[in-house]
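Take a look at the structure below.
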Amino acid sequence: MTDRTLKDRAAIVGVGATPYYRRGRSLPQTPLDLAIKATLAALDDAGLGADDVDGFALYGGAFVDTSLLAQILGIPEVRFTAGLTGGGGGSAGSIGLAAAAVATGMADVVVSVLTLQQAHMRFGASFAPRSKGGAGAYSAPSTPESVFASNSGLMAPGQMFAMLVQRHMHLYGTTRDHLAEVAISTRNNAITRETSLMRDPLTREQYFDARMISEPFGLYDYCMECDGAVAVITTTPERAKDLRHPPVQVMGSAAGGAGRWGQAITWMGMPDEYFTSSGHRPIAKRVYEMAGVGPADVDVALFYDHFTGMVLLQLEDYGFCGIGESGPFVAEGNIRWPEGTLPVNTHGGNLSEAYIIGMTHVKEAVEQLRGTAVNQVPDADIALVTGGPASIPVSALLLHR
Amino acid sequence: MVTRVGVLPSEFVSFVANPATEPFWTAAAEHRLVLPRCTNCDTFRFPPAAFCWVCRRQDVEWVEHDGNGELYSFTVLRHAVIPGLAEALPIVIGVVELPDTNGCRLIGDILGCPPEVVEIGMPVALEWYDVDDGSVPCFRPRA
């Protein structure tokens, strides 16, 4: 066995979250307040305290900086702090980053936290120039590269991902019925959970009657706009042994992507062979190799679901069905909990529980492997978590109990 | 400012450029489509970049293209994500692949065609949309 692996060299021992809120409803708390509440909850879940923390592994959308977190929490000494570049693509990978710090001895107890407050910042127009009314995470003055897209009106993530899914429909016969299956099965999982913001059933009629936003995506193909924070605590396998819960072991993690995937949705020049993908194929290959498992071994999958169609493309890229076959795969009921062959987003996902930029997916994977999930997959041993299909990096995490 | 249905209102258009992209917009203002090609390995690069992504050299020549292409994908904007778009909706935004350019794709509004009949693979022709200080590529269905 090579030393150059994360397999079984780090474990998740704590998860915590604030309540989830509709956009802006978390006021007058600040994003930092939310981050600290989630971090303290995760430490408590682990049976650890702030004095035990010596590392931070974040990702681009964290909206909080280690310096202020450490100062306010009174962390004795920060020995590791890093963040993945990019945005929501790094959610799962931030745990890989924490695991790398732990496995190499750079830190012992690492916090990964994501806090989000959309009161003054709406992701729905993320790439619109701020001077023209844009108020998203990436809204900024136009750049020499961005104007080649924005001069057409292409300025929102939903519009951009719609391009990928529209072509998938053209090539493979994927339909809005297939998108609806993702929306409805995810909603069904959210209904049973007290933490979910969407607890009413979603019917096919409601799905198809809802307003179109950017074809082929209508209202229910979009995730929600939310506030909240989720934190995850990663430590060494030795330290993990005598904490509050059975440890959840890291089997593998990867973050990155093919170079010519590049800026992906904001340039649309990705090579034809993987234009209609989630950008995750290289990541899938590496995370499976590191873990020594394949798709048939995965008991539950937590796919970053900012848009229904991107769940379909991830099912293909992670090998749960062939390329182009995700529509029929979901139509057969495969992703439903509890009866499907691969229950997906058993927590209700970004679409129906809450959109905390992918960190709720990590929390759900941990609860599934502890056997404490609300919608428990019986005897779940291995869970896959992905970061958002996005520009480089996209990321993945495989966990086992 | 005039708002036309089906095309991005001009107030949202920007010609921010750097030395690598500026020749594109200068030619566009003269209604000429030019694309940068590496003089060392003949690879097109788009959006224009200072380096060739195959041989990593900076040598470049600007090659004229007639702008006839095929619709590679599209979306129909039905919802105004920011204020000021509503009166222009619906807007059909297309990704258009240009032949003989090793897969260069332009992004532009698809004009002169109801959203319901737009389909991937349809031939399109370049059309220039003039705004105050330059021109933006758009497309129309081509016979």
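Quick note on labels: first sequence line is chain A, next is B, and so on, each numbered from 1. Quantities reported herein were computed from a predicted structural model and do not represent experimental measurements.
Distance OG/B/Ser73 to CE/A/Met160: 13.5 Å, rounded to 0.5 Å. A/Asn151 contributes atom CG, which lies 4.5 Å from atom CH2 of B/Trp25 (distance to the nearest 0.5 angstrom). Rounded to the nearest 0.5 angstrom, A/Glu215 CD and B/Glu116 CD are separated by 7.5 Å. In this structure, A/Gln159 CD and B/Phe74 CZ are separated by 14.0 Å, a value rounded to the nearest 0.5 Å. Distance check: A/Arg167 CZ to B/Thr75 OG1 gives 15.0 Å after rounding to the nearest 0.5 Å. Summarising the geometry, atom CG belonging to A/Leu171 is positioned 7.0 Å from atom CD1 belonging to B/Ile120; distances are rounded to the nearest 0.5 Å.
With a threshold of 4.5 angstrom between heavy atoms, A/Ser150 approaches chain B through N, CA, C or O but not through any side-chain atom. If you measure heavy-atom distances from B/Ile91 to chain A, the contacts under 4.5 Å come from the side chain alone. Only the side chain of A/Ala156 comes within contact range of chain B, with at least one heavy atom under 4.5 Å from a heavy atom of that chain. Heavy atoms of B/Phe24 lying under 4.5 Å from chain A belong exclusively to its side chain. Using a 4.5 Å cut-off between heavy atoms, A/Ser146 makes no contact with chain B at all.
Highest contact tally toward chain B, considering only A/Glu145, A/Arg260, A/Arg211, is held by A/Arg260 [criterion: heavy-atom pairs under 4.5 Å].
A 6.0 Å sphere centred on CG of B/Asp100 holds no more than 12 heavy atoms belonging to other residues, nucleotides or ligands. More than 12 heavy atoms of other residues, nucleotides or ligands lie within 6.0 Å of CZ in B/Arg32, so this atom counts as buried by the packing criterion.
In this structure the side chain of B/Thr21 reaches within 4.5 angstrom of the side chain of A/Phe148, judged on heavy atoms. Between A/Ile213 and B/Arg78, every side-chain heavy-atom pair lies at or beyond the 4.5 Å cut-off. The shortest side-chain heavy-atom distance between B/Pro47 and A/Trp267 falls under the 4.5 Å cut-off. Inter-residue side-chain proximity for A/Met163 and B/Ile93 is flagged as met; some heavy-atom pair is nearer than 4.5 Å. Put simply, the side chain of A/Met155 does not reach to within 4.5 Å of the side chain of B/Leu77, judged on heavy atoms. In this structure, the side chains of B/His79 and A/Met212 stay at 4.5 Å or more apart for every pair of heavy atoms.
B/Tyr72 and A/Asp272 share a side-chain donor-acceptor pair at under 3.5 Å.
The heavy-atom pair separating B/Arg105 from A/Phe275 by the smallest distance is NH1-CD1, 3.5 Å. Between B/Ser14 and A/Ser142, the closest heavy-atom pair is OG-CB, 3.6 Å. Summarising the geometry of B/Val16 relative to A/Val147, their closest heavy-atom pair is O-CG2, 3.7 Å, with the distance given to 0.1 Å.
Of the candidates B/Ile107, B/Val95, B/Val92, B/Ile107 is the only one forming a side chain to side chain contact (heavy atoms under 4.5 Å, CB included) with A/Ser152.
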